[in-house]
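As structure tokens, the structure follows; a few thoughts come after it.
When a residue number appears, it is its place in the shown sequence, counting from 1.
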Amino acid sequence: MITIDALPYEFRFEPESTAIVSIDMQRDFIEPGGFGATLGNDIRHVAAIVPKVAALLAWGRALGLTIVHTREAHLPDLSDCPPAKRLRGNPKIRIGDPGPMGRLLVRGEPGNQIVPQVAPLPGELVVDKPGKGAFYATALGAMLEAHGIKRLIVCGVTTEVCVQTTLREANDRGYECLLVEDAAASYFPQFHAQTLEMLRSQGGIVCWTAPLSTLLPVTLEMEVRS
Ligand code: C5J
């Protein structure tokens with residue numbers, strides 16, 4: 001068992017039953033011209049975490065954790081995109097419309113690819129999800145069960161939307177989750193900070209949180225059998 005100094009108290013995990021879930025680190029959210037930018041957001045806040053997510057993934061790979069990547073992605077015919085989702089708001093271009101990186105939030109398009117610095121390695125799990133939560137209408141639950149996963153270490157974008165929704169879904173399914181504070185981001189720094197507060201409040205009602213600096217010094221040699 002490995003112990004991490006976290007909030008609201010220590011988070012304990014075993015590498016063989018723990019997965020890193022890297023949420024939606026795709027060009028659509030992080031690069032100019034993608035879905036995030038077309039909604040009028042300042043992408044600098046989310047682009048800034050790419051090196052942190054890369055460091056977290058390298059750490060997890062060294063520890064032998066299962067690695068899962070998600071992408072918010074719709075089928076080309078948009079049959080998995082509710083009209084309410086596509087038509088909401090007043091963006092310059094909508095889900096499925098052609099943009100500078102191909103059709104917005106559509107599977108297989110250039111904008112839907114994970115940014116190269118944090119891209120999946122061969123053998124890692126990739127989940128295309130039509131919703132904000134990674135468990136909704138995907139095989140994620142079955143994949144985690146097949147790998148014997150009990151705990152999730154979560155990072156990605158955006159903190160208050162897909163990251164938070166996935167953490168709440170995971171919590172309701174019985175997973176113990178740690179959100180890596182500075183390997184997640186929002187377009188709105190105040191939403192990021194407030195989401196961390198609410199998720200770990202009331203004794204960790206949804207999850208634990210910890211900065212990357214508390215994880216990186218942890219090595220396999222520190223694992224203590226109990
Ligand atoms: C959003 C996400 N913000 N990945 N998606 O629409 O958080």
Test salt bridge (Lys or Arg N to Asp or Glu O under 4.0 Å) on E109 and R103; report intermediate values, then the result. CA-CA 6 Å; E109 297 288 330; R103 294 179 66 204; 5.2 Å; no
If you measure from CG on L196 to CH2 on W208, what distance do you get to the nearest 0.5 Å? 15.5 Å
Short side-chain donor-acceptor distance under 3.5 Å, S186 and H192: no
Any heavy-atom pair between the side chains of I2 and F13 that's under 4.5 Å? yes
State which residue, out of V53, T159, V154, V68, fulfils the side chain to side chain contact (heavy atoms under 4.5 Å, CB included) condition with I23. V154
Out of T70, T138, D24, which residue meets the side-chain hydrogen bond (donor to acceptor under 3.5 Å, both in side chains) rule with K129? D24
Nearest 0.5 Å, please: how far is CG in D97 from CG in L104? 7.0 Å
OH of Y175 to SG of C207: how many Å apart, nearest 0.5 Å? 15.5 Å
dist L212:CG -> K52:NZ (nearest 0.5 Å) comes out at 6.0 Å
Worked check of side chain to side chain donor-acceptor pair (under 3.5 Å) between E124 and H69: CA-CA 8 Å; E124 294 180 351; H69 305 260; 2.7 Å; yes
Salt-bridge contact E181-R200 (side-chain N to carboxylate O under 4.0 Å): yes
Nearest heavy-atom neighbours spanning A183 and C155: O-CB, 3.1 Å
Are V127 and M143 close enough that some pair of their side-chain heavy atoms sits under 4.5 Å apart? yes
Going through the checks in order, is the side-chain contact (heavy atoms from CB on, under 4.5 Å) test met by Y187 and D42? CA-CA 6 Å; Y187 300 113; D42 181 348; 5.8 Å; no
Is there a path from L178 to L220 through hydrophobic residues (I, L, V, M, F, W, Y) whose side chains come within less than 4.5 Å of each other? yes
Just how far is it from atom CD of E31 to atom CD1 of I43, taken to the nearest 0.5 Å? 7.5 Å
Going through the distances and angles, do E176 and R12 end up as a salt bridge (Lys or Arg N to Asp or Glu O under 4.0 Å)? CA-CA 9 Å; E176 293 196 305; R12 288 157 61 81; over 6 Å; no
Run the salt bridge (Lys or Arg N to Asp or Glu O under 4.0 Å) test on E72 and K85 for me, step by step, so that the C-alpha distance in whole Å, both residues' side-chain angles and the decisive distance to 0.1 Å come before the verdict. CA-CA 12 Å; E72 188 169 341; K85 179 177 182 183; 2.7 Å; yes
Decide whether I30 and I95 are clustered together by the hydrophobic rule: side chain heavy atoms of Ile, Leu, Val, Met, Phe, Trp, Tyr closer than 4.5 Å, transitively. yes
Is it the case that one hydrophobic cluster holds both L179 and V157, taking links as side-chain heavy atoms less than 4.5 Å apart, direct or via other members? no
Identify whether the distance between the nearest side-chain nitrogen and carboxylate oxygen of E14 and K150 falls below 4.0 Å. no
Are F188 and V161 linked, directly or through other ILVMFWY residues, by side chains that come within less than 4.5 angstrom of each other? no
Evaluate the side-chain proximity of L152 to T18: yes if any heavy-atom separation is below 4.5 Å, no if none is. no
How about E145: does its CD atom have over 12 heavy atoms from other parts shown lying under 6.0 Å from it? no
If you compare all heavy atoms of G102 against all heavy atoms of P110, which two are closest, and at what distance to 0.1 Å? CA-CD, 4.3 Å
Does D182 reach the side chain of I49, with side-chain heavy atoms less than 4.5 Å apart? no
What distance do T158 atom OG1 and N41 atom CG have between them, rounded to the nearest 0.5 Å? 8.5 Å
Heavy atoms only: give me the nearest R94-R86 pair and the separation to one decimal. NH1-O, 3.1 Å
Tell me yes or no: between the side chains of D5 and T214, is some donor less than 3.5 Å from an acceptor? no
